[in-house]
Amino acid sequence: MYHMLRTHCCTEPYIIAAHRQLSEMHPIYRLLHPHFRYTMEINALARQYLINAKGIIETSFFPGKYSMELSSVVYDQEWRFDYEALPKDLINRAMAVEDPSAPHGLKLMVEDYPYANDGLVLWDIIKEWVSDYVNHYYSDSSLIVSDNELQAWWTEVRTVGHADKKDEPWWPVLKTPQDLIETLTTIIWIASGHHAAVNFGQYTYAGYFPNRPTTARMNMPTEDPNDELLKLFWEKPEVILLTTFPSQIQATTVMAILDVLSNHSPDEEYLGQQIEPPWTEEPAINAAFLKFNGRLKEFEGIIDGRNADNKLKNRNGAGVVPYELLKPFSEPGVTGKGVPYSISI
């Protein structure tokens, strides 16, 4: 449910406000447009079949009918836009501290942390592309402050899309190119890299349901004292285990859903793989995109090198699955890699 909240749901205000406040010719609309592909459609389907009352989540996951309520509480108490930026997210979770002398300006508390190590490289690549794009159109802070469409978009995101948090002091204010770059990089990161990391490994990790059962149908005998159950536990522990695990229908339903959610469609559009037609109209933007594409291809090689490094035990060794969730490109199917532009599944 946190996945649904943090990526799918919290991206909707950016999309709706962009369509309401930005013209299709606006440079920021053109930058963000590929990152909005299919998101509203997949969210509508999720509300109809996945997170609806007595739907798949409520009937197959342990919070049951309280699933959406718990998600709402987490949003209320935990979600803030500035912490959605990867560097600040890592610091907030005590997984990193600021260190100007370290790569990416952060020192990781767990050095062999594949999500953070790969994610920070991808974050920097995205931020460089966004910086080149924004600085081309907004060479001066006055151009941002006087852009009525841009300011109206960001105002609606804050005061309508996230109305319950509209008065929070942590919202960025769009006054300078750097403000805009950080804000856009955060939105793009959530729609692309972050969602890919938490979504496309679901079947690989949890398709074999004993590895990650979604619910327990009974307490362990020691937690719910019962002489008969305890006797059965000692004599036939596998019976107790299977009774505790999700039922066959729960397990197969979740397996089928995870297979669908982890699947890349044949028409998937990957981050930086193909240039958007409007970007080709400006030579400077075209050149910036080619640099972006080149860095993403180099990044694939960096990931391959890290997965081959025997010293990195969280991504290399016997029984360890190589970490490829942030590799930018993929073929169709359940591949455990590939970073689409948008939250499209």
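This chain uses plain numbering: 1 for the first residue, then up along the sequence.
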- Message: Strictly by side chain to side chain donor-acceptor pair (under 3.5 Å), give each pair with a member in residues 204-217 just once, sequence neighbours left out.
- Response: none
- Item | Listed once per pair and sorted, the salt bridge (Lys or Arg N to Asp or Glu O under 4.0 Å) pairs that draw on residues 167-195, sequence neighbours left out | K127-E182
- Query: Which heavy atom of Y29 sits nearest a heavy atom of S23, and at what distance?
  - Reply: CB-O, 3.4 Å
- Same cluster for V320 and Y113 if Ile/Leu/Val/Met/Phe/Trp/Tyr side chains link at under 4.5 Å? no
- Which salt bridge (Lys or Arg N to Asp or Glu O under 4.0 Å) pairs, counting each pair once, include a residue from residues 273-282, with sequence neighbours left out? R30-E281
- Message: Taking side-chain hydrogen bond (donor to acceptor under 3.5 Å, both in side chains) as the definition, give me every residue that meets it alongside H33, ordered by chain and number, with sequence neighbours left out.
- Response: none
- Query: If we ignore angles and hydrogens, is there a donor and acceptor under 3.5 Å between the side chains of Y75 and D164?
  - Reply: yes
- Atom of S192, atom of I126 and distance for their closest heavy-atom approach: OG-CD1, 3.8 Å
- Across all chains, not counting sequence neighbours, the side-chain contact (heavy atoms from CB on, under 4.5 Å) partners of D267 are R37, Y38, S265
- Determine the minimum heavy-atom distance between A18 and F36, stating which atoms define it. CB-CE1, 3.7 Å
Please list, one pair per line, the donor and acceptor atoms closer than 3.5 Å that link side chains of residues 286-296 to other protein atoms, with sequence neighbours excluded.
residue	atom	partner	partner atom	Å
K291	NZ	D132	OD2	2.9
N293	OD1	K297	NZ	3.2
N293	ND2	G272	O	2.7
R295	NH1	E128	OE1	2.8

- Message: Which residue in the set D112, D309, D118, D304 passes salt bridge (charged side-chain N to carboxylate O under 4.0 Å, His left out) when paired with R315?
- Response: D118
- Message: Once side-chain hydrogen bond (donor to acceptor under 3.5 Å, both in side chains) is applied, do any residues pair with S142, and if so which ones, sequence neighbours excluded?
- Response: D140
- Side-chain H-bond candidate by donor/acceptor type, T11 with T39, under 3.5 Å: no
- Message: Can a donor-acceptor pair be found, under 3.5 Å and without considering hydrogens, that links the side chain of W171 to the backbone of K165?
- Response: yes
- Task: Please name all residues satisfying side-chain hydrogen bond (donor to acceptor under 3.5 Å, both in side chains) with S344, sequence neighbours left out, ordered by chain then number.
- Result: E268
- Minimal heavy-atom distance between W154 and I187, with the atoms involved, is CZ3-CD1, 4.3 Å
- Note on the structure: For residues 236-245, the side chain to side chain donor-acceptor pair (under 3.5 Å) pairs (sequence neighbours left out) are none
- Donor-acceptor under 3.5 Å (S60 side chain, I57 main chain): no
- Taking all heavy atoms of A251 and all of P246, pick out the closest pair and write down the distance. N-CB, 4.2 Å
- Message: Test question: given the 4.5 Å side-chain rule for I, L, V, M, F, W and Y, name all other residues clustered with V97, or answer none.
- Response: M109
- Looking at residues at least two apart in the chain, or sitting in another chain, which of them share a side-chain hydrogen bond (donor to acceptor under 3.5 Å, both in side chains) with E324? none
- Task: Among residues two or more places apart or on two chains, list those pairs meeting salt bridge (Lys or Arg N to Asp or Glu O under 4.0 Å) that have a residue in residues 65-92.
- Result: R6-E84, R6-D89, R80-D82, D89-R93
- Task: Given ring pair (Phe, Tyr, Trp, His ring centres under 6.0 Å), test W153 with H26 step by step and report yes or no.
- Result: CA-CA 11 Å; W153 166 68; H26 194 285; 8.7 Å; no
- List the steps, then state whether side-chain hydrogen bond (donor to acceptor under 3.5 Å, both in side chains) holds for N117 with Y323. CA-CA 11 Å; N117 284 307; Y323 190 83; over 6 Å; no
- Note on the structure: Between N135 and P177, the two heavy atoms sitting closest are OD1-CB, 3.8 Å
